[in-house]
Every structure is written in C-alpha cells, then in structure tokens.
Amino acid sequence: MEGVTVVSHPLVQHKLTLLREKESSTKSFRELLKEIGMLLCYEVTHDLPLSDVEIETPLAHMKSPQLAGKKLVFAPVLRAGMTFAEGMLDLVPSARVSHIGLYREPKTFTAVEYYFKAPNDLPERQVIVVSPVLATANTAVAAVDRLKEQGATDIRLVCLIAAPEGIERMRGIHPDVPIWLAAIDEGLDENGFILPGLGDAGDRAYGTK
C-alpha cells in the first residue's frame with residue numbers, strides 16, 4: 001500500500017505478539033510498548049539528513065556524520081502515545097515533544113481535543129505523530145489537522161497496529177503523511193475497536209477501565 005510501511009523485523013513482531021496477549025500485566029504492556037516504540041523509531045528515522053563535522057578521537061582528527069538541522073518533534077496522542085514515545089525519546093533524547101490530548105467520543109467516534117502544546121517552530125522541524133492504534137483514524141486525523149494548523153509540513157505517523165479502514169481514511173485525508181506500523185489487522189468491530197487488535201491501549205498501559 002502506497003505510503004504505508006509495515007515493519008516486519010522479528011523483534012518487532014515478537015514483542016507485538018506479547019503485547020497482544022490479554023494476560024500481559026500493566027507493567028509488561030508499558031515496557032513492551034516502550035520497546036516497540038524504540039524499534040519503530042529506528043525505522044521511521046532511517047532517512048534523516050546528515051552533515052559531516054570535524055571531531056577529535058583519542059587518536060586522530062576526523063570528519064564524521066551527525067544529524068543535520070533542527071531536532072525532531074515527537075507528537076504523542078495521549079494517553080498511550082506517551083509511553084510509546086518514551087522509547088523513541090530514549091533513542092533521540094534531544095527531540096522536542098508536542099503533547100496532543102484527544103479522546104474518541106464512544107457513540108459517534110468523533111475525536112475531541114482537550115489539550116495541545118507544541119514548539120512554536122514546527123514549520124522548521126520534522127514531526128512524528130505517535131499513536132499506538134489506528135482504528136477509525138479520527139484521532140490521528142485530528143492530530144495531524146492540528147499540527148498542520150500550527151504550520152507543520154513534514155509529518156510522519158507511527159502506529160503499532162491499524163485497521164484497513166483507518167489506513168484508507170488517513171491516506172485519503174492526509175496523503176502527504178506516510179505511515180509506519182507493525183501490523184495491519186482484519187478490521188473494526190461495531191464499537192470501532194480493531195480485531196483481533198490488542199484492546200484499549202490506554203487502559204492496558206495504565207491499568208484503567
């Protein structure tokens with residue numbers, strides 16, 4: 001599917017299977033979510049620009065590559081997106097963080113915003129939206145809408161799992177936003193949850209109902 005990358009790395013797939021298990025504890029779920037976040041971050045940042053800088057090793061002077069330009073912005077969709085992003089921050093600790101508070105209204109599935117905070121120079125940075133589950137895509141679409149309102153132009157989306165319906169909606173509304181994920185599941189149930197899925201990522205990460 002154009003604009004969609006499914007990360008099939010064995011470690012990603014193994015950890016995703018453990019994450020899906022209904023008997024996984026809250027602690028294990030958070031740890032796995034963080035670990036997969038780090039692994040997917042490695043994939044989504046594979047083409048970041050580099051520039052050579054001059055350094056001194058203990059033995060010699062040399063030119064060596066380092067990241068060029070402004071630092072990344074991770075934009076987790078709260079709640080579970082925050083734990084997902086923590087693994088990414090371990091890999092890129094200098095990144096900025098934009099917090100996007102959205103929840104899905106249970107009857108209409110409409111995304112409702114309750115919090116938004118972002119760096120004021122988004123147009124100069126690459127923004128990676130972090131949302132564990134892409135089901136109806138309403139919250140992901142709303143997050144990207146909001147970031148674009150603030151001037152972001154280079155946006156990527158990272159998810160754990162997605163339903164085909166969510167991918168189709170996201171790509172239809174924001175075709176300029178590529179998607180990285182670990183699995184495409186069968187579809188949605190009548191409550192808008194992904195099947196076979198992994199349940200409510202926020203509830204499972206934080207032990208709530």
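These values consider heavy atoms only, across backbone and side chains, with no hydrogens, waters or symmetry-generated copies.
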Could I get the full list of side-chain contact (heavy atoms from CB on, under 4.5 Å) partners for Val12, not counting sequence neighbours?
Val7, His9, Ile36, Leu39, Leu40, Ala182

Just wondering, more than 12 heavy atoms not from Glu168 lying within 6.0 Å of its CD?
no

Atom CG in Asp189, atom CG in Leu195: separation rounded to 0.5 Å?
4.5 Å

Where the side chain of Ser25 meets the backbone of Ser28, is there a donor-acceptor pair that is under 3.5 Å apart?
yes

Shared ILVMFWY cluster between Leu11 and Val158, side chains joined below 4.5 angstrom?
yes

How long is the gap from CD on Glu35 to NZ on Lys15, to the nearest 0.5 Å?
3.5 Å

According to a 4.5 Å side-chain heavy-atom criterion applied to Ile, Leu, Val, Met, Phe, Trp and Tyr, with indirect links allowed, do Met82 and Ile100 form part of one hydrophobic cluster?
no

With sequence neighbours left out, the residues meeting salt bridge (Lys or Arg N to Asp or Glu O under 4.0 Å) with Lys27 are Glu31

Please report the interatomic distance SG(Cys41) to CG(Asp90), rounded to the nearest 0.5 Å.
10.0 Å

Side chains of Leu89 and Phe74: does their closest heavy-atom pair fall under 4.5 Å?
yes

Considering only heavy atoms from C-beta outward, does the side chain of Val73 approach that of Val97 to under 4.5 Å?
no

Between Leu78 and Leu147, is there shared hydrophobic-cluster membership here, with clusters defined by ILVMFWY side-chain heavy atoms closer than 4.5 Å?
no

Please report the closest heavy-atom contact between Val44 and Asp47, naming both atoms and the distance.
O-OD1, 4.2 Å

Determine whether a donor-acceptor pair (N or O, by modelled atom type, separation under 3.5 Å) exists between the side chain of Asp200 and the backbone of Gly202.
yes

Donor-acceptor contact present, side-chain Thr83 to main-chain Arg30, <3.5 Å:
no

Residue pair Asp52 / Ser64, side-chain heavy-atom distance below 4.5 Å:
no

Check: Thr5 and Leu181 side chains under 4.5 Å, non-hydrogen atoms:
no

Partners meeting salt bridge (Lys or Arg N to Asp or Glu O under 4.0 Å) with Glu86 (sequence neighbours left out)
none

Per the salt bridge (Lys or Arg N to Asp or Glu O under 4.0 Å) rule, what does the pair list look like for residues 126-148, sequence neighbours excluded?
Glu113-Arg146, Arg146-Glu149, Lys148-Asp176

Heavy-atom distance under 4.5 Å between the side chains of Glu186 and Pro164, does that happen here?
no

Looking only at heavy atoms, the pair that brings Ser24 and Arg204 closest together is CB-NH2, 3.6 Å

Taking the side chain as C-beta and beyond, is there a heavy-atom pair between Met170 and Val144 under 4.5 Å?
yes

Just wondering, do Ile194 and Leu188 contact through their side chains at under 4.5 Å, heavy atoms?
yes

Show which side-chain atoms of residues 124-136 pair as donor or acceptor with protein atoms under 3.5 Å away, not counting sequence neighbours.
unit_1: Arg125; atom_1: NE; unit_2: Asp121; atom_2: OD1; d: 2.9
unit_1: Arg125; atom_1: NE; unit_2: Asp121; atom_2: OD2; d: 3.1
unit_1: Arg125; atom_1: NH1; unit_2: Lys71; atom_2: O; d: 3.0
unit_1: Arg125; atom_1: NH2; unit_2: Asp121; atom_2: OD2; d: 3.1
unit_1: Gln126; atom_1: NE2; unit_2: Asp154; atom_2: OD2; d: 3.3
unit_1: Thr136; atom_1: OG1; unit_2: Asn138; atom_2: N; d: 3.3

Could you check whether any side-chain N or O of Ser51 sits under 3.5 Å from a backbone N or O of Pro65, counting only pairs where one atom can act as donor and the other as acceptor?
no

Under the side-chain contact (heavy atoms from CB on, under 4.5 Å) test, which residues partner Pro178, sequence neighbours left out?
Arg156, Trp180

Qualifying residues under salt bridge (Lys or Arg N to Asp or Glu O under 4.0 Å), relative to Asp203, sequence neighbours excluded
Arg79

Are Phe84 and Val6 linked, directly or through intermediate hydrophobic residues, by side-chain heavy-atom contacts shorter than 4.5 Å (ILVMFWY only)?
no

Looking at every heavy atom in both Arg20 and Ala183, which two are closest together, and how far apart are they?
NH2-CB, 3.6 Å

For Asn120, side-chain contact (heavy atoms from CB on, under 4.5 Å) partners two or more places apart
none

Distance-minimising heavy-atom pair for Gly197 and Ile161
CA-CD1, 3.7 Å

Of all the heavy-atom pairs spanning Gly81 and Pro76, show the shortest one and how long it is.
O-CB, 3.2 Å

Should we count OH of Tyr42 as having more than 12 external heavy atoms under 6.0 Å?
no

Would you say Leu157 and Phe116 are hydrophobically clustered, going by side-chain heavy atoms of ILVMFWY under 4.5 Å?
yes

Excluding sequence neighbours, so at least two apart, what forms side-chain contact (heavy atoms from CB on, under 4.5 Å) with Tyr103?
Val112, Tyr114

Would you find a donor on one side and an acceptor on the other, under 3.5 Å apart, between the side chain of His46 and the backbone of Glu43?
yes

Note, Phe29 side chain near Lys34 side chain (heavy atom, < 4.5 Å)
no

To the nearest 0.5 Å, what is the distance between CG on Leu33 and CE on Met38?
12.0 Å

Co-members of Val53 in a cluster of I, L, V, M, F, W and Y side chains, linked at under 4.5 Å:
Ile55, Met62

Test salt bridge (Lys or Arg N to Asp or Glu O under 4.0 Å) applied to Arg96 - qualifying residues, sequence neighbours left out:
none

Please give me the minimum heavy-atom distance between Ala201 and Leu198, naming the atom from each residue.
CB-CD1, 4.1 Å

Mind checking what makes side chain to side chain donor-acceptor pair (under 3.5 Å) contact with Glu56, not counting sequence neighbours?
His61

